[in-house]
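Data block below; observations after.
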Amino acid sequence: MNMQMNPQVDSANDSTQVQPVIEARDLNLVFGAGDTSVQALKDINLNINKGEFVSFIGPSGCGKTTFLRCIAALETPTGGSLAVNGMTPEQARLNRAYGYVFQAAGLYPWRTIAKNIKLPLEIMGFSRAEQDRRVAEVLELVELSGFGGKFPWQLSGGMQQRASIARALAFDADLLLMDEPFGALDEIVRDHLNEQLLKLWARTDKTIGFVTHSIPEAVYLSTKIVVMSPRPGRIHEVIESPLPKERPLDIRDTPEFIEIAHRVREGLRAGHGDD
Amino acid sequence: MNMQMNPQVDSANDSTQVQPVIEARDLNLVFGAGDTSVQALKDINLNINKGEFVSFIGPSGCGKTTFLRCIAALETPTGGSLAVNGMTPEQARLNRAYGYVFQAAGLYPWRTIAKNIKLPLEIMGFSRAEQDRRVAEVLELVELSGFGGKFPWQLSGGMQQRASIARALAFDADLLLMDEPFGALDEIVRDHLNEQLLKLWARTDKTIGFVTHSIPEAVYLSTKIVVMSPRPGRIHEVIESPLPKERPLDIRDTPEFIEIAHRVREGLRAGHGDD
Amino acid sequence: MALVVLALLVWAAGWWVNARLANGQHAHSRAVGLAVPAIFGLTLLLMWELLVRGLQVPMVILPAPSLIAARFAGSLPILWQDFSQTILKGALGGYLIGCCAAVLIAILVDRSDFLRRGLLPVGNFVAALPIVGTAPILVMWFGFDWHSKAAVVVVMVFFPMLVNTVAGLREATEMQRDLMHTYAASYWQALLKLRLPAALPFIFNGLKISTTLALVGAIVAEFFGSPTVGMGFRISTSVGQLALDMVWAEIVVAALAGSLFYGLIALMEASLTFWHPSQRG
Amino acid sequence: ADEVKLQLKWVTQAQFAGYYVALDKGFYSDEDLDVTILPGGPDIAPTQVIAGGGADVTVEWMPAALAAREKGLPLVNIAQPFKSSGMMLTCWKDTGIAEPSDLADRTLGVWFFGNEFPFMSWMGKLGISTEGKGAEGVEVLKQGFNVDPLLQRQADCISTMTYNEYWQVIDAGVTEDELVTFKYEDQGVATLEDGLYVIEENLSDPEFVNKMERFVRASMKGWKYAEENPDEAAEIVLDNDASGAQTETHQKRMMGEIAKLTSGSNGALDPADYQRTVDTLLTGGSDPVITKTPEGAWTHAITDAALN
Amino acid sequence: MKSVLAVLTVVAGIIGIWYLACVPMNIKGVLDAAERAGTEVVPATARERRDASALGLVANNSFAISSTWSVDRPRLPAPHQVAVELWQTTVEKKITSKRSLIYHAQVTLSATLFGFALGTGLGILLAVGIVHSRVMDMSVMPWAIVSQTIPIIALAPMIIVVLYSIGVQGLLPKAIIAAYLSFFPVVVGMVKGLRSPDHMQLDLMRTYGATGGQVFWKLRLPSSMPYLFASLKIGIAASLVGAIVGELPTGAVAGLGARLLAGSYYGQTVQIWSALFGAAILAGLLVALLGLIERLLLRRMGVRT
Ligand SMILES: Nc1ncnc2c1ncn2[C@@H]1O[C@H](COP(=O)(O)OP(=O)(O)OP(=O)(O)O)[C@@H](O)[C@H]1O
Ligand SMILES: Nc1ncnc2c1ncn2[C@@H]1O[C@H](COP(=O)(O)OP(=O)(O)OP(=O)(O)O)[C@@H](O)[C@H]1O
Ligand SMILES: Cc1ncc(C[n+]2csc(CCO)c2C)c(N)n1
Ligand SMILES: [Mg+2]
Ligand SMILES: [Mg+2]
């Protein structure tokens, strides 16, 4: 079996010549103050390199969302350092360095699908023609061509979620942050979207940070699986996946896959502790 | 491998001396009329016998919920026949023949957990003393003793879901209908509840109809898996599970389990067609 | 007495027809949706007519609908003059000024949490000032013509509108806002593309409440001083002259104008917030 | 005791002192009457109240009563405690108004609600249109409850009563020689004010007539007492004012002015005054208040029995 | 705590603006009085001053500024004048005195509460009917909206006269007008509230074979409570306005409405303002009281606060 195991996070010292896309050092985040404060993230050390597909998995409340939001500069860490493309997250945000996909599709209901996808383009000041070109392109990519004129509530949940991915792809950021994007979907649709996401990733060489609750999903998609544990939110284990980049759906019935899934589950259970 | 496969539904003819708990013959249900009508169920034939644990699985919109609601007399079929304990569903409903668990816990927020569980007992006119006795009993059963005085929002999602199961158990119907009861929970809590549900079922010999989106969950729990396909909603395949009644969680890593899961997935995919 | 019995029969018949319509198979069609309230209203009118005649209620107490209709038809020019003075100038003028000002102030207030916290309770306090007290003051300040009526309307609609708009501007969900943040959108971009559209259902709620307030305010203010034209003027002088049919004709104008105004805003709401779940049934 | 409900034309004030005195001094109970006095207000039309049966007898101005009679509400004057009219127009002297003809092209405040009839008649007589400003017309404002339009100079003139609003202007700090007043009495357009009116049908009921005789007798006793003891009458009015808004000085002064208006009347209607009122109202310009000479709008039957 | 500070700041700002506004608002009256007292003012006559701008007058006669805050019949009374009047008519007068604002407030309050009870009762009944009967839903709702476009103040005297004519006097006529204004928000809120249980909650009741009454008492009514209270708060404020409106034509005998009217009648601006503030404070207290009851009730019902 061609598998590496890295229970320790990448050490800060083995800095290669390639700059990591995301570099967290002793990151801490405490919500609130005094008696009611919650330590959402504790001593997070993690490097994500260009082109990696990193999944975050862990029980509810372990800080997955919080960590992703830190990268997106939607939360401010209370300790440690975090660099995105070598900049502060805030600078990266202002540089529009990433696309973010939320758990729910979060389309604006008063805009059609096409107009929703145009939203970031309008804000970032793309020309009218360029906007139309890109909308057509990403609609194609997520197989929604022909639905541009529909309103969100006229589409099924799966289609909405694809539209929201299209929206995050439209301005072509190199980093994609996805917070349980398929959590609300049924298994079949989910499988399908997983497959497509993988294809997209293989084709475009984007870096992807992906939060999920599903072990098979994490194993199927990732090059690296970050298992987190709660109270306080820490990285319990980082599992590198040996699976090839090409992954047909039935790779999930192979022993390698089952082996990794088993390890993730063990990791999760060990980190889960009480409850 | 000790496995039976029954692509055909139980024929109506092999009536044994035991009356099936649920008996659907050529069941049809069309929503609406005219252009916008939707055939939610088409020619459903199915027998469920006493003590069986039957899972319904299938893509979104294939009519799982609709079928369960027909049994519960919450929808009226537009064709065919359906008998619950040999009666019409409406009679069965008025006889309080079943307990129903919805996808979300659906506890009334203005009642404590104990009062929520009492709700059906009040409506069915149990004596005050009997109410208290039963509440204590089912709270015990779902391991929530001591939480009776709490309000729903003071409990975690998993505990709420357990309370809602307790509510359905309180009046001790022989038939339990559960519509994706664990859909909203995270994997670890879900595993735990699955385990407990199985224990309960083993102990009480209830008949259970269970809707789920999750293949592992269906395989882990059921004696019979009904795979449905959409547009119109039909039974694609009925898979009998050879797994023993005693099922530790790690049965899921056994080849038998994976084999059945694989078959369910294949069935699902075949039935899924487009989209 | 026979007429009273007849009135009861009319009631029963009207109700029966409506029950058939409302529970029939076309209950959800537009026509039935309009017919049922219309039949209900017609039934009420018929009963009114029959009861007033049957019980011989003096015309100076309550005129019959037929008399009111006759007066209405016979006084169209006066009714139109009064309508344009009170509704078109007073109510509409005040409504536009009050609603626009409230939305603008709401946008300003919304930028500062401190202001919002401070202003809303004060706003609720001011909104509780009874119009019968503010109207004489405003007539004293702004004179007898429609300007003072518009001022009364401004005072009446401003705070409901402000409260609704402020609530609406906070309506965008955390996630929708975060999305704007991930695009590094500017304040104005977020306002125009997210917060205002998201606030529209609330703004329309305020606009709808304000329609009836505006009408009532403009009419009532005329009781406290006016030129010799206007619906409030006509109502108060006609009562003094026992011309109750004229009073009711003006009330009919008020009800028609109010319903029309409300309906118009509701239509606009339907076309602009079609996407909101409450509009989708 | 027989019940009688009396509807007043306006709020509790010395204008109605006679009735309050009669009530307070027990004149009504001496006549075996149980009288309830219903104060009026800006939006209460006494004619409407009596039409609805909410009162047995009402204090009303004759123009409004005659207009109501023409509208089909047969009101009959049974007594007239007020001999002369207290209405006048009060103007700023510095506007240059000195005589009635100067009124053209001015803004005038007028009471409506059935009280506009005397003004309309006067303007008709002067040949001044009330349709708007111009060489031959005036702009009319519907004056509210108070004298602010004059004080704020929103109007050049406003309607006042000699016993009430005029003194409010004075109380606001204006001196008498800053003002010019036109009494309707002096202009020959005076109409009768504050008479007692009942519904005609009721007069065919002897019991009701008897009740009214006793009521008028007691009321006039009250009026005489009030004229002779103005300060005590004002106190009684103050005691009966539930709003607590009236002041002693104002009511005492009002009582003094009212006494001037009631003096000369023993309660019986003077047919000459009636004729003058009717004539004034009939000549009300383009839109006369009443179009034909009223018949049977007054009776001496009650006063004859009551006062002898 | 932060909110209190914010409110105080805003109030302080408003009072500041208010004092400033008093100057141009009252300057003409002050100058007229000064002229009568023989002081030199610019321009010299009231007639010329009528058309002069208020700010210009202030600039030319700056000596008069301080007097604008203590005018007897001001166009805009200064805040302290209103405060003093409020103090004198509440604290310094016996409650039974007809000059005590508390006495008048209590008169209005009784009509308000009576009318509120009537209106709320009617509103809830209508809402129950509307929720349970399609006919009522379709026919009553549009007319309920129309009813609110009718200016009540125009109807008020007539309602009172009609009630007079059937012998009803005193509290009831006022209460009926108050009820007319307060029933509407209750209907709207209650219909929303009674319909707020979602399908699942209703289906749960069906799986128990619950009767209509059980569904109402155990599900619809409890889940309508937050809506009910939201509309009760609007309703009680409306009811207060109704009671005041109802007091105007009844001879303005007593009550805050009578105070307003009497103040207006005699040009006592300070009295109007203090009655106005009295009414608004009363409304605030009533709403706060409802809020308190709501909190207590909802806490017992386990709603998170
Ligand atoms: N804004 C906040 N204020 C206070 N505490 C917060 C806030 N956001 C999150 N938390 C707390 O921080 C912890 C981590 O939350 P986070 O949302 O990152 O978890 P998660 O791993 O995404 O969980 P889930 O799987 O349920 O989405 C939790 O205990 C949560 O209660
Ligand atoms: N009340 C209704 N009126 C009209 N169509 C309905 C109604 N309820 C369900 N449907 C339609 O019937 C079909 C079956 O719905 P159903 O809810 O049974 O699917 P499901 O298998 O439970 O799906 P999911 O996994 O999403 O819960 C769907 O196409 C749905 O749109
Ligand atoms: C709105 C209003 N309408 C009429 C009058 C006139 N009025 C009726 S009785 C009476 C005597 C009281 O002084 C007066 C003047 C008014 N003042 N205010
Ligand atoms: Mg999360
Ligand atoms: Mg379903």
Side-chain angles (χ1 to χ4, degrees), chain A residues 65-66 68-76 84 87 89-113 115-126 150-155 163-164 167-168 170-171 173 175-181, chain C residues 28 103 106-107 110-111 113 117 164-208 265-281:
Chain A
T65 297
T66 307
L68 227 59
R69 290 172 60 86
C70 283
I71 301 174
L74 295 173
E75 304 290 354
T76 316
V84 178
M87 298 175 271
E90 188 62 22
Q91 284 170 322
R93 180 174 75 83
L94 295 174
N95 278 342
R96 282 121 182 192
Y98 61 84
Y100 200 106
V101 181
F102 294 90
Q103 165 151 22
L107 300 168
Y108 290 180
W110 53 89
R111 286 175 167 250
T112 59
I113 297 301
K115 294 269 284 168
N116 260 292
I117 297 175
K118 264 188 201 161
L119 180 68
L121 305 176
E122 290 169 10
I123 288 174
M124 298 177 189
F126 286 76
K150 292 260 188 281
F151 283 94
W153 32 271
Q154 296 173 314
L155 266 54
S164 103
R167 183 177 59 183
F171 53 100
L175 173 59
L176 217 50
L177 302 173
M178 307 173 91
D179 188 1
E180 290 193 62
Chain C
H28 294 280
V103 170
I107 289 173
D110 183 69
R111 291 200 82 159
D113 191 51
R117 280 164 184 273
N164 267 289
T165 311
V166 168
L169 286 174
R170 304 170 63 74
E171 175 64 7
T173 61
E174 199 70 38
M175 193 215 294
Q176 291 174 326
R177 267 177 241 232
D178 280 346
L179 186 71
M180 277 298 171
H181 211 62
T182 67
Y183 300 151
S186 71
Y187 169 81
W188 290 107
Q189 284 176 322
L191 182 69
L192 275 178
K193 293 187 190 292
L194 170 60
R195 319 240 326 279
L196 273 182
L200 272 186
F202 284 74
I203 294 180
F204 271 104
N205 203 19
L207 287 175
K208 281 198 292 193
I265 299 288
L267 269 184
M268 268 169 68
E269 177 183 31
S271 75
L272 284 177
T273 65
F274 61 90
W275 47 270
H276 196 258
S278 66
Q279 295 289 331
R280 279 186 265 133

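On a predicted model such as this, the values are computed, not experimentally measured, just so you know. Chain A is the first sequence line, chain B the second, and so forth, proteins listed ahead of strands; every chain is numbered from 1.
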Original post:
Under a 4.5 Å cut-off applied to non-hydrogen side-chain atoms, are A:L121 and C:Y183 in contact?
Top reply: no

Original post:
Does the side chain of A:Y108 come within less than 4.5 Å of C:L179's, by heavy atoms?
Top reply: yes

Original post:
If you look at every heavy atom in A:I123 and C:M180, which pair is closest and at what distance?
Top reply: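 For A:I123 versus C:M180, the nearest heavy atoms are CD1-SD, 3.4 Å.
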
Subject >> Nearest atoms (heavy-atom pairs only) where C:W275 meets A:P109 >> reply: CB-O, 3.0 Å

Subject >> Between A:A73, A:A104, A:G99, the one whose heavy-atom pairs under 4.5 Å with chain C are most numerous >> reply: A:A104

Subject >> Side chain, backbone, both or neither of C:L194 within contact of chain A (heavy atoms, under 4.5 Å) >> reply: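 For C:L194, the contact with chain A is made by backbone and side chain together.
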
Subject >> C:K193/A:R111 under side chain to side chain contact (heavy atoms under 4.5 Å, CB included): CA gap, chis, key distance, verdict >> reply: CA-CA 10 Å; C:K193 293 187 190 292; A:R111 286 175 167 250; 3.8 Å; yes

Original post:
Can you tell me how far CH2 of A:W110 sits from CG of C:L196, rounded to the nearest 0.5 angstrom?
Top reply: 9.5 Å

Original post:
Rounded to the nearest 0.5 Å, how far apart are CG of A:L119 and CD of C:Q189?
Top reply: 9.0 Å

Subject >> Engaged part of A:A173 at the chain C interface, taking heavy atoms whose separation is under 4.5 Å >> reply: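 No part of it gets close to chain C.
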
Subject >> Non-neighbouring partners of C:R117 that pass side-chain hydrogen bond (donor to acceptor under 3.5 Å, both in side chains), sequence neighbours left out >> reply: C:D113, E:S3

Subject >> Sorted by number, residues from residues 167-176 of chain C in contact with chain A (heavy atoms, under 4.5 Å) >> reply: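 Hits under 4.5 Å: C:M175, C:Q176.
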
